[in-house]
Amino acid sequence: MQVVADVGGIPGKDCNGFCKYCYFRKVKDIKVFGCAHCLPNKIGCERCSKGVAESQGAFKSPFQVMNEVQSALMMNMGRGDISAYISGGGDVSCYPHLENLTANLNQFSISSVLGYTCGKGITDSETATRLINNGVEEVSFTIFSSDPKLRKEWVKDPNPTEALKACQIFCENIKLTGAAVIIPGVNDGEVLRQTCNSLEEWGAKGMLLMRFANTFNEGLILGNEPILKDFESQPVEEFAELVRQINKEYSFRVSGTPLCDPETGGPFAIASDENEVFLQFIKPITGEATIITSKIAAPYLSKIFSKLETGHNVNIVAVDKEIACLITKEDLEKLDLSEIKQAVIIPGRSFVHQLDAERILSADGVDRLVGRGPDTLTVDGELSIDMTDENVIERELEQFNDLVDAINFFGMRIIR
């Protein structure tokens with residue numbers, strides 16, 4: 001069993017400064033979006049305001065974190081071996097009480113997993129040894145590049161050599177998954193392969209490649225685009241091909257976000273022809289509805305529903321946004337309402353309040369019923385890198401059945 005140990009922290013403040021490519025760089029005023037967690041008649045809540053920018057609060061005291069962990073344990077007694085996933089809004093390696101926290105957890109026989117860290121808080125590589133001795137068993141380490149000069153310039157790492165040495169110590173002794181936001185012309189190509197060579201030599205468990213986002217449609221919804229001037233993101237399919245190439249060239253597991261995981265076939269593994277047999281486990285569709293989704297997800301959803309017996313009762317409409325959970329009301333306002341059926345399903349985690357969704361999607365005078373689908377329909381590469389193809393297919397079938405439940409509930413009944 002794994003519990004979350006949230007140490008808090010604010011991006012840019014509690015991480016030794018922003019990386020040059022950071023999603024949160026240049027954010028000023030925090031916009032209120034609206035979401036499924038808002039009150040019915042009030043647009044705005046903690047999740048869709050401060051939560052989006054991860055600016056809820058500075059680092060917590062270790063006493064507070066331990067109390068929260070103990071409370072979580074009380075709720076999950078008797079569920080096997082326990083580990084604590086240490087994460088926060090800042091860089092966990094910058095958490096000043098990290099060694100103390102991991103030591104305290106270890107005293108209670110709780111091992112630790114360090115969530116995404118750039119290692120920018122590591123001034124002495126032996127910190128890694130001490131953390132391992134404190135029961136840290138796994139680390140997600142955003143290496144960016146094994147070239148210390150590039151790390152210093154782009155990650156803004158004040159001690160890049162020590163951080164890279166710590167990364168090596170982690171690799172040689174516990175499970176480490178490397179990560180890199182790929183900036184075209186900076187850390188791709190041979191630079192990326194040199195980084196992967198180092199990780200493979202050190203014994204890394206895997207590598208997550210993350211596509212750089214620089215525009216609103218790519219996911220920058222906080223009014224801070226572009227992050228980098230004079231830089232263009234890789235086309236999605238070109239990025240996916242890079243992920244596939246790197247996966248073929250190295251012995252460790254390689255995955256990408258938003259595309260793709262070559263080992264599991266994700267995202268949307270059940271869309272592939274070889275997995276078509278699993279579609280028989282999706283419930284019958286007895287309703288009629290439009291599903292609004294992202295530009296990346298739309299072709300996969302169209303393919304899946306085209307293979308279902310009653311899938312023709314569902315049409316897929318894509319917004320320009322590439323990530324469905326980052327859809328906002330601005331995306332809905334650009335849609336051609338003539339393509340929208342009377343019942344509409346929007347992504348469960350989208351940043352749109354119900355009031356806004358109903359107003360925008362009924363602006364042509366048609367009173368449409370707007371429902372929300374499940375939070376996710378597939379497994380992103382950040383998670384699937386630790387899963388088997390069976391795990392991913394099982395998760396997708398569960399989520400698609402939840403989607404069909406929403407279609408059948410909100411959609412008009414089909415007269416047979």
Side-chain angles (χ1 to χ4, degrees), residues 4 6 11 23-24 27 30-40 42-56 85 87 89 115-116 210-211 213 216-223 236 257-259 266-268 289-298 300-301 304 314 316-335 343-358 360-361 369-384 387 392 395-407 409-410:
V4 175
D6 182 3
Y23 179 96
F24 298 106
V27 175
I30 299 173
K31 179 179 179 180
V32 175
F33 290 95
C35 67
H37 297 268
C38 295
L39 292 172
K42 181 181 178 182
I43 297 175
C45 67
E46 190 78 8
R47 175 183 178 266
C48 64
S49 56
K50 292 182 179 180
V52 185
E54 295 189 11
S55 59
Q56 293 99 321
Y85 184 84
S87 65
Y116 288 106
M210 297 179 280
R211 177 171 169 263
F216 176 81
N217 288 340
E218 291 167 352
L220 298 186
I221 63 174
L222 298 174
V236 174
T257 181
L259 294 176
F268 301 103
T290 294
I291 296 174
I292 294 176
T293 190
S294 68
K295 184 164 62 175
I296 289 178
Y300 294 101
L301 295 187
I304 290 168
V314 175
I316 311 299
V317 173
V319 299
D320 287 335
K321 187 70 57 59
E322 292 182 345
I323 309 297
C325 63
L326 296 175
I327 288 174
T328 65
K329 66 180 182 180
E330 288 82 2
D331 295 303
L332 299 186
E333 288 169 345
K334 299 175 184 176
L335 292 176
V344 193
I345 308 296
I346 64 174
R349 290 198 305 195
S350 59
F351 287 102
V352 185
H353 193 278
Q354 188 71 17
L355 293 174
D356 282 331
E358 291 174 355
I360 294 167
L361 295 174
L369 183 62
V370 181
R372 288 184 184 268
D375 282 353
T376 58
L377 291 176
T378 186
V379 184
D380 185 80
E382 294 183 42
L383 297 176
S384 67
M387 300 171 69
V392 170
R395 183 80 62 85
E396 289 184 356
L397 289 174
E398 179 182 335
Q399 294 164 340
F400 266 82
N401 276 314
D402 289 343
L403 176 60
V404 171
D405 283 341
I407 294 168
F409 181 79
F410 292 103

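Every value quoted in this text rests on a predicted model; they were computed, and no experiment measured them. When reading the values below, keep in mind they use all heavy atoms of this one structure, side chains included, and skip hydrogens, waters and symmetry mates.
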_side chain to side chain contact (heavy atoms under 4.5 Å, CB included), that's the test. Do Ser350 and Cys325 meet it? Break it down for me._
CA-CA 4 Å; Ser350 59; Cys325 63; over 6 Å; no
*Show your reasoning for whether side chain to side chain contact (heavy atoms under 4.5 Å, CB included) applies to Ile292 and Leu335.*
CA-CA 10 Å; Ile292 294 176; Leu335 292 176; 3.6 Å; yes
*Audit row: Arg211, Val236, side chain to side chain contact (heavy atoms under 4.5 Å, CB included) steps and yes/no*: CA-CA 8 Å; Arg211 177 171 169 263; Val236 174; 3.6 Å; yes
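There is no side-chain donor-acceptor pair under 3.5 Å between Glu322 and Ser294.
Listed by chain and residue number, nothing satisfies the side chain to side chain donor-acceptor pair (under 3.5 Å) test with Ser87 (two or more places apart in sequence, or in another chain). Under the side-chain contact (heavy atoms from CB on, under 4.5 Å) criterion, Ser384 pairs with Ser255, Asp261, Thr264, Val379, Val392, not counting sequence neighbours. Scanning for ring pair (Phe, Tyr, Trp, His ring centres under 6.0 Å) contacts around Tyr300 gives Phe268, with sequence neighbours left out. Residues passing the side-chain contact (heavy atoms from CB on, under 4.5 Å) test with Lys42 are Leu39, sequence neighbours excluded. Listed by chain and number, the residues in a side-chain contact (heavy atoms from CB on, under 4.5 Å) with Ile316 are Ile291, Thr293, Ala298, Leu301, Ser302, Phe305, Val314 (sequence neighbours excluded). Under the side-chain contact (heavy atoms from CB on, under 4.5 Å) criterion, Asp405 pairs with Lys283, Asp402, sequence neighbours left out.
In Arg372, the CZ atom is crowded: over 12 heavy atoms of neighbouring residues, nucleotides or ligands sit closer than 6.0 Å.
Residues Glu46 and His37 are not in side-chain contact: their nearest non-hydrogen atoms beyond the backbone lie 4.5 Å or more apart. Residues Glu382 and Tyr116 form a side-chain contact, since some pair of their non-hydrogen atoms from C-beta on lies under 4.5 Å apart. Counting heavy atoms from C-beta on, the side chains of Phe33 and His353 never come closer than 4.5 Å. Between Asp356 and Leu332 there is no side-chain heavy-atom pair separated by less than 4.5 Å. Residues Val52 and Ile30 fail the side-chain proximity criterion, which asks for heavy atoms closer than 4.5 Å. Within the 4.5 Å cutoff, the side chain of Ile221 has heavy atoms near those of the Tyr23 side chain. Looking only at side-chain heavy atoms (C-beta outward), Ile346 and Ile327 stay at 4.5 Å or farther from each other. At a threshold of 4.5 Å between non-hydrogen side-chain atoms, the residues Gln354 and Val370 count as touching.
A cation-pi arrangement is present between Lys321 and Phe216, with the terminal nitrogen or guanidinium carbon under 6.0 Å from the aromatic centre and inside a 45° cone about the axis.
Summarising the geometry of Ala289 relative to Ile345, their closest heavy-atom pair is CB-CG1, 4.3 Å, with the distance given to 0.1 Å. Taking every heavy atom of both residues into account, Cys48 and Phe351 meet most closely at CB-CD2, 3.8 Å. Smallest separation of non-hydrogen atoms from Pro258 and Ile323: CB-CD1, 3.8 Å. Arg349 and Arg47 make their closest contact through O-NH2, 3.0 Å (heavy atoms, listed as atom of the first residue, atom of the second, distance).
Judged by distance alone, with hydrogens and angles left aside, the side-chain atoms of Asp331 form a donor-acceptor pair with the main-chain N or O of Thr328 at under 3.5 Å. Here the side chain of Gln399 pairs a donor or acceptor atom with the backbone of Thr378 at under 3.5 angstrom.
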